[in-house]
Amino acid sequence: MSDRTINQQPHTPHQAGPEEDRHTRHAHAHGSEPDDFAVQIADSVESFVLAVTEVAKGDEPGSAVSLLLLEVSQLLLAGGRLGAIEDVVPEDRFEPDTGPEPDGEQLRERLAVLLAPIDVYHEVFDPYGPPEKPNAFRISDDLAGVVSELQHGLTHYREGRVSEALWWWQFSYLSNWGTTCTAVLRALQSLIAHVRLDSPIGAAPDGADTDNDGLTDEQLEQQAGDLMAAELGIGR
């Protein structure tokens, strides 16, 4: 068991609507049956986990980026709902043990192979923080990490700990996977925009490139453009 610190839970930026707020006040007690809100969030979470797992199999590489763009967008809608409601506070001070965490390495590796050479992207971590250079991230690392976090909550949910699952999904959305998914969404949207608008994909800032594959920036740009053009059915 792990000790939770309730006051780590940030206050929500605005008040939820009366219908959604009502859902947060009912059926959130430990061991209670899930209400409509909890069921909808759980369905969104499970749909994302299953979809990313299927995409990572590589059976339809031509639609990978488009499908991931759609799934990340839909997950962020669920995250926005979690961020808009009042804080979910379960009865227990200690989080029940969910057992061994699932190994996400295979998922990460499959996504890395599928998304090469567009896996690496650059993002400023905190737009409200002090000015800083963009950092390099990998879509495959980010998505595998998000899936792992969501599965942790799913374990609670499937074992009947509804409020525990909602607490975890809300807290982890505000503290981690909301930011991660937002960055991934920007990267995926940018890829599609570059191809649709016939705009070349630029090199990494300051020539930085975390891919140690021996390819030049120009070759990476060409591969990324070819991949997106093929996916979207646009001739180059």
Exercise. Does one hydrophobic cluster hold both V39 and F37, with members joined at side-chain heavy-atom distances below 4.5 Å?
Worked result: yes
How far does [atom1] of [X] sit from [atom2] of [Y], to the nearest 0.5 angstrom?
X    : Y    : atom1 : atom2 : value
L191 : S66  : CG    : OG    : 10.0 Å
I41  : D35  : CD1   : CG    : 10.0 Å
L154 : Y157 : CG    : OH    : 9.0 Å
E123 : N135 : CD    : CG    : 9.5 Å
L68  : L143 : CG    : CG    : 6.0 Å
D119 : S140 : CG    : OG    : 3.5 Å

For this session: Start with the C-alpha distance between R158 and E46, add both sets of side-chain angles, then the distance that settles side-chain contact (heavy atoms from CB on, under 4.5 Å), and finish with yes or no.
Result: CA-CA 11 Å; R158 289 166 178 166; E46 187 166 25; 2.9 Å; yes
Problem set entry | Worked verdict on E54 versus E60 for side-chain contact (heavy atoms from CB on, under 4.5 Å) | CA-CA 9 Å; E54 285 299 311; E60 299 183 18; over 6 Å; no
Exercise. Angle class for the F171/W168 ring planes (parallel below 30°, perpendicular above 60°, tilted otherwise)?
Worked result: tilted
Minimum-distance pair of heavy atoms, taken over all atoms of [X] and [Y]:
X    : Y    : result
L76  : C181 : CD2-CB, 3.6 Å
V120 : R138 : CG2-NH1, 3.7 Å
Q170 : D87  : OE1-CA, 3.6 Å
G58  : L114 : CA-CD1, 4.1 Å
S163 : V88  : O-CG1, 3.7 Å
E71  : A51  : CD-CB, 3.4 Å

Problem set entry | Salt-bridge criterion met for E105 and R110 (N-O under 4.0 Å) | no
For the pair [X] (side chain) and [Y] (backbone), establish whether a donor and an acceptor sit closer than 3.5 Å, ignoring hydrogens and angles.
X    : Y    : result
S44  : Q40  : yes
S148 : A144 : no
T179 : S175 : no

Exercise. Would you say Q74 has more than 12 foreign heavy atoms packed within less than 6.0 Å of its CD?
Worked result: yes
So do the side chains of [X] and [Y] get within less than 4.5 Å of each other, counting heavy atoms only?
X    : Y    : value
L67  : V52  : no
I118 : V65  : yes
L188 : I192 : no

For this session: Check the pair Y121 / D142 against side-chain contact (heavy atoms from CB on, under 4.5 Å), numbers first and verdict last.
Result: CA-CA 11 Å; Y121 70 98; D142 289 346; 2.4 Å; yes
Problem set entry | N176 side chain to E149 side chain, donor-acceptor N/O pair below 3.5 angstrom | yes
Seminar exercise, completed: Taken in chain and number order and not counting sequence neighbours, the residues that satisfy ring pair (Phe, Tyr, Trp, His ring centres under 6.0 Å) with W177 are Y173
For this session: Sequence neighbours left out, what passes side-chain hydrogen bond (donor to acceptor under 3.5 Å, both in side chains) with Q189? Give chain and number order.
Result: none
For this session: Could you pull out all residues at least two apart from E109 that satisfy salt bridge (charged side-chain N to carboxylate O under 4.0 Å, His left out)?
Result: none
For this session: Decide yes or no on side-chain contact (heavy atoms from CB on, under 4.5 Å) for W169 and L150, but give the supporting numbers first.
Result: CA-CA 7 Å; W169 286 327; L150 296 177; 4.1 Å; yes
